[in-house]
2 protein chains.
Amino acid sequence: MRLATIAALIEHGLDGLVVENIAATAGVNKTTIYRRWGTREALVADALVANSGEKIEVPDTGSVRADLVGIARQVRDAIIAPASRALMSALAGGRHHPELQDIGHRFWAGRFAAVRPVIDRAIDRGELPADVNHDAVLSHVLGPIWFRVFGPGHDVDDTFVESCVDLVLTGVRGRAA
Amino acid sequence: MRLATIAALIEHGLDGLVVENIAATAGVNKTTIYRRWGTREALVADALVANSGEKIEVPDTGSVRADLVGIARQVRDAIIAPASRALMSALAGGRHHPELQDIGHRFWAGRFAAVRPVIDRAIDRGELPADVNHDAVLSHVLGPIWFRVFGPGHDVDDTFVESCVDLVLTGVRGRAA
């Protein structure tokens, strides 16, 4: 059912998601879906959580630059892939659906928590100042990538990904100096 | 009709937009809407263009920091306001609707072109290196703001807006040094 839901999200977006069609793809009756999930949004939320849980690999290369580039590349690859793009669009548009908005907040809190050790290790190695704001660093690295994909729709190649990391590292160190 | 469309976008989002309801709000028959705009997406696209055209004020304070902070604050205020947030969500989710996607690309191309003189003037004053990439600077300043609103849903206060500008200015200058 989750795969059918995600396939429908990719093809039609949240606004074109029809429970009857998901039921048909999965070979069940739509009453089965409503009995188990209650609402269309709960069905989507469940698919989002199941699909997004295990995907991130947190690098530990010994270099904050390489670690952050590795994370930023994963995010770039995720948000330009049709499946994840559909999920992210659903989350970003989720303010009309409290269940999705809640899932979105938990999703990001989990991701930020998972990559925070990368910043901690960089501080331990003396690569970043001790008072650096973990969430701000991640927002500054990932924000421009996210913005280019969902805003102007520009390409995000490896050079741009690396420029995001380098600009933040130079900026954070310059501020501290 | 545009106001009725935008009001419906704010209240229901693109996925909950029902042409019949917009027609009722505007006091016309839905066939009038379909005759003039053809599709629901064309109606939304028209409202988006009409609503977003005249809003940006391009500062010219004599300081690149003050100019960029002024632009970034306008973008922050725009994307957290319900009307503009609804428009931006519709644009970001527009990949299932070529008309909206096209509007989105033109919207951002227009905004980037409008604020490019801010970077040119900074180069003329010697505040930024001559080889700076205009669009990259804007993506780096605006991206983290956009990401925090549409991704994790964090607050974006003036301190964060200023930190985006300062980090980019320090990073760009550090790179050039």
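In what follows, every chain begins at residue 1, and chains take the letters A, B, ... in the order their sequences are listed.
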Item to complete: Report, by ascending residue number, the residues of residues 135-145 of chain B in heavy-atom contact with chain A at a distance under 4.5 Å; give 'none' if the set is empty.
Response: B/D135, B/A136, B/S139, B/H140, B/L142, B/G143, B/P144

Fill in: Approximate separation, where rounding is to 0.5 Å, of B/R65 CZ and B/D166 CG
4.0 Å

Item to complete: Mind checking side chain to side chain donor-acceptor pair (under 3.5 Å) for A/T159 and listing every partner two or more places apart, or none if nothing turns up?
Response: none

Worksheet item: Relative to each other, are the rings of A/W108 and A/W146 parallel, tilted or perpendicular (30° and 60° limits)?
Response: perpendicular

Discussion item. Using a 3.5 Å distance criterion without hydrogens, assess whether the side chain of A/T170 forms a donor-acceptor pair with backbone atoms of A/L167.
Written reply: no

Discussion item. Please identify, among A/P152, A/S163, A/A109, the residue contributing the most non-hydrogen atom pairs under 4.5 Å to chain B.
Written reply: A/P152

Discussion item. Going by the rule side chain to side chain contact (heavy atoms under 4.5 Å, CB included), which residues pair with A/A66 if we only count those two or more places apart in sequence or in a different chain?
Written reply: A/T61, A/S63

Worksheet, complete the sentence: A/D124 meets the side chain to side chain contact (heavy atoms under 4.5 Å, CB included) criterion, sequence neighbours left out, with none

